[in-house]
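So the structure is just underneath, and the comments pick up after that.
Sequence lines set the chain letters: A, B, ... in the order given, protein chains first and strands last, and positions in each chain run from 1. All values derive from a computational prediction rather than experimental measurement. Just so it is clear, the values below take in all heavy atoms, side chains as well, and ignore hydrogens, waters and symmetry mates.
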There are 2 protein chains.
Amino acid sequence: MKIDVTKTAQLLENHDNIIILVHANSDGDTLGCGYALLRALRKLGKKAEVLRPEDVGKKYNYLFDDLGKEDFEPEYVVSVDVADVKLLENDVREKYADRINLAIDHHPSNCVECEYLLLEDTAAAACEIVYKVIAEMNVDFDKKIADCLYTGITTDTGCFRYSNTTAQTYRMAANLVEHGADGAFINRIMFDTKTKSYVVLERLVMDTLEMHFGGRCAMTHLTLDMYEKSGSDESETDPLASRTRQIEGVDVGVFLKEKNDGTFKISLRTLEPVNASEICRKLGGGGHARAAGCQIEGPLESAREKIISAITEYLYK
Amino acid sequence: MKIDVTKTAQLLENHDNIIILVHANSDGDTLGCGYALLRALRKLGKKAEVLRPEDVGKKYNYLFDDLGKEDFEPEYVVSVDVADVKLLENDVREKYADRINLAIDHHPSNCVECEYLLLEDTAAAACEIVYKVIAEMNVDFDKKIADCLYTGITTDTGCFRYSNTTAQTYRMAANLVEHGADGAFINRIMFDTKTKSYVVLERLVMDTLEMHFGGRCAMTHLTLDMYEKSGSDESETDPLASRTRQIEGVDVGVFLKEKNDGTFKISLRTLEPVNASEICRKLGGGGHARAAGCQIEGPLESAREKIISAITEYLYK
């Protein structure tokens with residue numbers, strides 16, 4: 001049943017011993033939601049706990065490092081920023097997937113089976129929705145709650161860069177910094193800190209840069225040997241795909257990443273009017289208009305040829 | 001004479017044929033101020049012109065490409081975001097430095113000799129001040145004015161990342177996007193677009209990465225031959241200095257840039273508690289706590305040794 005912010009606040013006020021679920025591969029939005037909500041519920045005298053995945057990066061410590069653990073028998077289960085129970089950690093999914101009472105989310109594709117769903121798909125971040133819920137419960141925003149909510153907002157807007165950023169986003173950020181959120185610190189941690197191994201990996205990948213179609217298309221690739229050379233691994237490869245599109249004049253950025261089974265994962269990043277999804281669909285993949293992907297058999301030369309001919313076909317059809 | 005926003009608006013309302021001066025090496029803040037103000041004044045039926053330096057990058061075209069030129073005899077001269085007349089282009093300085101009627105600025109060091117000065121040094125961007133002046137003149141913010149002001153605000157806050165970003169900054173951004181400012185477009189142009197030659201130059205510089213002091217210090221260098229190899233030149237080197245400090249665990253980032261005379265310009269970027277200015281002062285330079293610089297004789301090996309021993313002395317004194 002779909003509900004609004006007021007009803008959500010009432011439900012939370014009327015329950016106790018609350019378990020909060022965040023998605024695996026946790027990012028700043030799901031964790032920001034989880035810990036902001038936990039802090040608000042505890043301020044209301046309730047027991048609450050976030051089921052935090054073990055692999056959450058150290059950089060998120062400031063969201064929760066002052067919090068003690070509470071033991072209690074779970075009575076109410078809330079998921080935040082979880083679009084699908086498939087995105088929960090395995091053991092969490094097994095235990096809680098069929099007993100979620102309330103889901104708070106901003107993904108239009110949300111398909112969590114739950115008693116109540118608060119879904120606002122115009123919110124840039126799920127933290128924007130949790131912000132409203134906390135305000136509706138009349139909990140004062142303290143510095144820690146403000147840091148948590150700011151973290152989610154800046155994470156999901158790419159530091160206010162993406163087109164999902166709205167006037168509401170900026171107004172919430174204004175209020176959060178007034179309540180003590182340390183935007184400069186959070187943005188440095190989230191956007192301006194790279195591991196040494198990532199820096200080396202990026203350099204190896206950028207060494208493979210080639211331009212096609214008179215400069216419209218920039219292409220890089222990553223081969224498995226680069227992990228060993230750099231000390232990095234696949235968990236650090238996310239930002240590499242968008243590096244190609246940053247080059248002036250490029251409206252098709254292509255990144256080929258070798259997988260353990262010898263196939264290549266292709267990531268396309270485009271600018272208007274090039275539709276990345278249409279190109280990837282030619283090769284059995286898909287995605288969004290500006291970001292899409294597909295999987296192609298190796299070796300590298302053959303994968304490169306296939307994606308280039310798909311782009312050729314699209315551009316000159 | 002120092003004045004406030006109300007008095008500034010009155011002065012502008014009471015004058016016509018207005019020349020607006022921006023600083024050389026123009027950035028998004030000075031240009032954003034200039035064109036927002038020009039547009040507001042023209043909306044009030046006045047004649048106004050920005051003296052735009054010839055070398056303004058193409059990426060700023062959207063600020064002014066719809067504007068026609070107006071010919072008139074200058075009666076009133078306003079400088080925006082200009083801290084010192086030394087920062088004006090030579091011919092502009094010669095003609096106008098001693099006849100500036102009104103200076104609008106946010107630099108605490110402002111030393112422009114002028115009849116009236118509107119200085120708000122807590123404003124992250126001069127565009128925040130011009131925003132208030134335009135509102136005070138009761139000019140409606142249209143999309144173009146909003147784009148101009150947003151450009152200055154995002155430029156001088158590093159896309160809302162720097163610690164100068166305040167609640168006022170975010171609130172103004174909220175209002176500007178409501179008036180049509182295209183934040184996603186502007187931020188892509190300002191922060192997410194690199195020339196091909198810059199990408200190659202950055203790769204050459206990052207290839208020189210070396211770590212010192214157990215990972216606390218990252219150092220890179222640029223030698224003159226890299227300009228030829230990359231097709232780049234010194235005008236593109238600004239962002240390179242901060243790349244070193246982005247590495248996790250690094251609190252002293254060092255960038256050595258060879259100059260035509262064989263000396264090296266050293267740029268230090270630090271995190272708390274390391275004081276970059278104190279280190280650079282040991283070598284005859286200076287600057288701010290987190291960003292400072294100095295000039296050292298070459299060759300590279302000797303320059304590198306000198307800066308390393310200055311850092312050693314600072315860290316282990």
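Identified by a heavy-atom distance below 4.5 Å to chain A, the contributing residues of residues 198-217 of chain B are B:V199, B:E202, B:R203, B:M206, B:D207, B:L209, B:M211, in residue-number order. Interface residues of residues 225-241 of chain B toward chain A, defined by a heavy-atom distance below 4.5 Å: none. Within residues 153-166 of chain B, the residues having any heavy atom less than 4.5 Å from a heavy atom of chain A are, in residue-number order, B:C159, B:F160, B:R161, B:Y162, B:S163, B:T166. Listed in order of number, the residues of residues 122-131 of chain A that approach chain B to under 4.5 Å between heavy atoms amount to none.
Atom CZ in B:F191 sits 12.5 Å away from atom CD in A:Q246 (nearest 0.5 Å).
The candidate with the highest count of non-hydrogen atom pairs below 4.5 Å against chain A, out of B:A184, B:A181, B:S242, is B:A184. With respect to chain B, the highest number of heavy-atom pairs below 4.5 Å among A:K59, A:R188, A:M190 belongs to A:R188. No other option in B:D192, B:D182, B:N187, B:V177 has as many heavy-atom pairs under 4.5 Å with chain A as B:D192. The candidate with the highest count of non-hydrogen atom pairs below 4.5 Å against chain A, out of B:Q168, B:R245, B:R243, is B:R243.
Environment of CG in B:D142: crowded, with over 12 heavy atoms of neighbouring residues, nucleotides or ligands closer than 6.0 Å.
Proximity to chain B is limited to the side chain of A:L271, based on heavy atoms less than 4.5 angstrom apart. The contact between B:N175 and chain A is made by backbone and side chain atoms together, counting heavy-atom distances below 4.5 Å.
Ring-plane geometry between A:Y170 and B:Y170 is classed as tilted, the angle between the planes lying from 30 to 60 degrees on a 0 to 90 degree scale.
Taking both residues in full, the closest heavy atoms of B:E248 and A:T195 are given as OE1-CG2, 3.0 Å, listed atom of the first, atom of the second, then distance.
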